[in-house]
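See below for the structure under consideration.
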Number of protein chains: 2
Amino acid sequence: MPSSAVPARRVTAAMVAERAGTSIATVSLVVNGKDRGRVSAPIAARVRDAVDELGYVVDHAASSLARGTGDLVVLIAPDLSNPFFAEVIRGVRDTLGDRYQLVLSVTERGAQPATSDLRRFERLRPAGILVDAPAAGGSLDAAVPVVLLDAPDAPTGAVAVDYDLTSGVAELVAHLRERGHERVAYLDGTARVATFGVRHRLFQEACAAAGITVSELGARADLTVDAAAAATEHALEAWHEDGVTAVVAAADTLAYGVLRVAAATGLRVPEDLAVAGFDDLPSSSVTAPALTSVALPGAELGRAAALRLLAAVDGTAAEPVALPTRLVRRASTGG
Amino acid sequence: MPSSAVPARRVTAAMVAERAGTSIATVSLVVNGKDRGRVSAPIAARVRDAVDELGYVVDHAASSLARGTGDLVVLIAPDLSNPFFAEVIRGVRDTLGDRYQLVLSVTERGAQPATSDLRRFERLRPAGILVDAPAAGGSLDAAVPVVLLDAPDAPTGAVAVDYDLTSGVAELVAHLRERGHERVAYLDGTARVATFGVRHRLFQEACAAAGITVSELGARADLTVDAAAAATEHALEAWHEDGVTAVVAAADTLAYGVLRVAAATGLRVPEDLAVAGFDDLPSSSVTAPALTSVALPGAELGRAAALRLLAAVDGTAAEPVALPTRLVRRASTGG
DNA sequence: CTGAAAGCGCTTACAG
DNA sequence: CTGAAAGCGCTTACAG
């Protein structure tokens with residue numbers, strides 16, 4: 001039989017009640033664990049048996065309609081392909097436990113989560129919504145608890161978890177300084193995400209403080225290796241003429257593009273051009289050469305966000321946080 | 001105001017009906033586009049105005065309860081962090097259009113989607129479920145249409161879309177043969193996924209046919225760079241003593257681990273050891289050296305799967321497919 | 001063309 | 001301790 005051709009009959013609470021010789025109300029109490037002191041032990045046992053025998057599962061639509069809210073938690077993110085998110089998801093899931101069911105949603109290619117995405121998911125009556133790297137400036141309130149991840153421009157009062165990039169950036173700039181770089185270029189992302197703005201700004205400030213000049217000849221690209229490679233190809237000669245000896249990219253993925261072009265044009269990394277990124281993706285240890293990067297611990301971000309969502313669901317307040325970051329030195333900057 | 005502290009009031013069809021001076025039934029017809037010839041133009045217009053003014057959105061729980069099914073499509077996958085999935089997702093989304101809303105679910109770390117995952121999502125009354133790389137042997141029927149992706153062992157009759165790996169593997173083996181390899185090792189994945197079994201088997205068969213010996217000293221690892229590196233470290237010396245000159249990994253991620261260990265131990269790739277993988281991930285063009293890989297076109301897989309799900313939803317039958325694959329030659333095997 | 005009403009499958013006071 | 005009943009917000013015959 002085709003697995004999709006013979007829809008099994010849906011088992012309802014009424015069927016369970018009939019089999020257990022009791023009422024629907026009692027079934028509901030038992031399956032929701034609200035039977036303590038409300039249902040006698042023998043009846044509860046009969047209900048549980050019937051549930052097992054019939055394979056009953058509470059219908060989500062009916063339940064969340066009656067209750068007003070369900071057990072779904074939605075995580076909206078711009079780009080799940082970034083291995084960084086696997087970590088975030090793991091962190092969220094671990095803290096959510098199995099009282100809640102996590103589902104993910106990716107925005108259209110390149111777009112940041114916006115209010116419209118939130119609206120679309122409010123319909124589902126989720127217990128809460130997590131939004132990663134929301135579009136800058138959008139008002140993101142909803143009829144359900146919302147926690148923002150990596151949203152340094154979140155409006156005051158919004159529940160948000162962020163990275164404190166100052167430590168990581170300071171280490172990066174000190175490292176570049178140590179390696180003798182005096183003139184560097186910055187390869188930014190094109191996405192209008194606040195965290196990119198912060199990375200760029202902090203980097204500029206730290207360079208200024210350390211006496212490093214950031215070349216006017218910055219470039220920007222979509223968050224793909226190909227786009228970054230194209231942007232680099234375009235800018236490389238100008239960088240060289242401008243005396244640039246190092247490129248810092250707003251994300252590891254962008255830095256990969258720089259590495260690819262360097263390899264293709266015979267440029268030695270780090271001797272001719274040092275390269276560094278942000279994220280410290282797993283693959284950054286196997287690029288040619290291995291990539292120096294400001295590590296952004298994804299699982300911790302996910303954990304912190306989930307904790308705050310749970311608090312919001314319970315009506316408890318939670319302080320915003322900023323997680324510390326650090327530099328991972330590798331061959332692309334001479335270790 | 002905290003974005004999560006002041007839940008906006010939910011707008012219902014009753015509120016829209018009152019504002020438009022009509023009934024709930026009429027509102028339902030209009031918002032669902034079923035008003036042609038059933039609702040007069042002026043009333044329909046008033047309803048639409050009221051919808052806009054109030055920002056009404058049909059409640060998903062109520063709607064799918066009344067209708068029996070909703071507009072959600074669930075994609076269950078073992079590992080979204082693999083950039084391969086970004087492509088699959090893009091393909092699914094593009095063909096689904098916006099009549100359906102796609103949500104994703106990742107299984108617990110390392111686990112393949114199983115029947116229990118299906119059960120959990122049936123509750124949501126989705127229009128259909130897509131399951132990528134399901135656990136081998138599980139019966140995966142559900143009360144909703146299900147399409148399997150990358151499930152070469154799917155029971156007859158199940159709707160599945162797969163890769164035809166024979167062409168890609170044949171090219172890979174011919175390429176290795178051309179480069180003079182006579183003894184190779186295979187680094188398998190540990191996940192009990194059918195597609196891995198197929199890759200391994202086809203590779204062995206093709207090698208046998210081409211007169212290449214596959215070393216008994218195979219290894220296996222979880223689908224992470226770290227795990228693959230550990231497995232490689234463990235096996236490397238034995239491979240060398242066994243006369244192995246090339247390693248083929250069941251996935252690019254695994255091949256990355258081999259590359260890392262090779263680099264760390266001063267082994268030259270491909271001179272001392274050639275390396276190849278499956279997937280052709282975007283980052284495979286920037287590894288050290290760039291990785292030869294059997295390309296598995298993710299977006300096409302997603303598109304094919306979504307098409308078949310739409311057919312199943314409409315009650316139409318659809319033939320299973322096997323998408324063609326090919327080899328991408330790069331430096332890790334001497335191009 | 002329009003709306004009152006039944007019903008989707010639950011949960012939760014409420015009365016017994 | 002137990003169950004009848006109202007209600008969650010829709011959709012869809014059905015009667016007008």
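Lettering follows sequence order; numbering is per chain, from 1.
- Within 4.0 Å (heavy atoms only), A:V58 reaches sugar-phosphate atoms of the nucleic acid but no base atom.
- Rounded to an integer number of Å, the gap from A:L29 CG to D:dA4 C1' is 14 Å.
- Among the nucleotides C:dG9, D:dT2, D:dC10, the one closest to any side-chain atom of B:A66 is D:dC10.
- In this structure, A:Q101 and A:V73 have side chains that are not in contact, with every pair of non-hydrogen atoms separated by 4.5 Å or more.
- One atom, CG of A:D71, and another, P of C:dC10, lie 14 Å apart when rounded to the nearest Å.
- Side chain of B:S23, nearest nucleotide from C:dG3, C:dT11, D:dC10: C:dG3.
- Ranking C:dC10, D:dT12, D:dC8 by closeness to the A:R125 side chain, first place goes to D:dC8.
- With distances taken from any side-chain atom of A:D59 to the nucleotides D:dT2, C:dC10, D:dC10, the minimum falls on C:dC10.
- Here A:G68 lies out of heavy-atom contact (under 4.0 Å) with every strand.
- Taking atom NE2 of A:H60 as the reference point, atom C1' of C:dT11 lies 14 Å away to the nearest angstrom.
- If you check every strand for non-hydrogen atoms under 4.0 Å, B:I43 touches sugar and phosphate atoms only.
- Applying the Watson-Crick and G-U wobble criteria (two distances, each under 3.5 Å), D:dC1 pairs with C:dG16.
- Not a single donor-acceptor pair under 3.5 Å links the side chain of B:D150 to the backbone N or O of B:A133.
- The main-chain N or O of A:R46 is never found under 3.5 Å from a side-chain atom of A:R19 such that the two would form a donor-acceptor pair.
- Side-chain proximity of A:L65 to the nucleotides D:dC10, C:dG9, C:dT12 is greatest for C:dG9.
- The 5' end of DNA chain C is approached more closely, in terms of each residue's nearest nucleotide, by A:A61 than by the other of A:T26 and A:A61.
- A:D59 contributes a side-chain N or O that, together with a main-chain N or O of A:A61, makes up a donor-acceptor pair within less than 3.5 Å.
- Residue A:T22 is classed as a sugar-phosphate contact, given heavy-atom separations below 4.0 Å to backbone atoms only.
- Taking atom CZ on B:R123 and atom P on C:dC10, their separation rounds to 11 Å, with Å as the unit.
- In this structure, B:R38 reaches the bases: a heavy-atom distance under 4.0 Å links it to at least one base atom across the strands shown.
- The interatomic distance linking B:I24 (CD1) with C:dA4 (P) rounds to 9 Å, in whole Å.
- Taking every side-chain heavy atom of A:K34 into account, C:dT12 is the closest of C:dT12, C:dT2, C:dG9.
- B:R93 places no side-chain N or O within donor-acceptor distance of the main-chain N or O of B:L102, the cut-off being under 3.5 Å.
- Proximity note for B:A25 (side chain, C-beta onward) versus C:dA4, C:dT11, D:dC8: the nearest is C:dA4.
- Relative to the side chain of A:T12, the nucleotides C:dA4, C:dT12, C:dG9 differ in distance, and C:dG9 lies closest.
- In the set C:dG9, D:dC10, D:dC8, the nucleotide with an atom closest to the side chain of A:A62 is C:dG9.
- You'll find that the side chain of A:S28 is closest to C:dT12, out of C:dT12, D:dT11, D:dG9.
- No engagement by A:R36 is indicated, since no non-hydrogen atom pair under 4.0 Å with the nucleic acid exists.
- Between A:D117 and A:R120 there is a salt bridge, since at least one side-chain N of the basic residue sits less than 4.0 Å from a carboxylate O of the acidic one.
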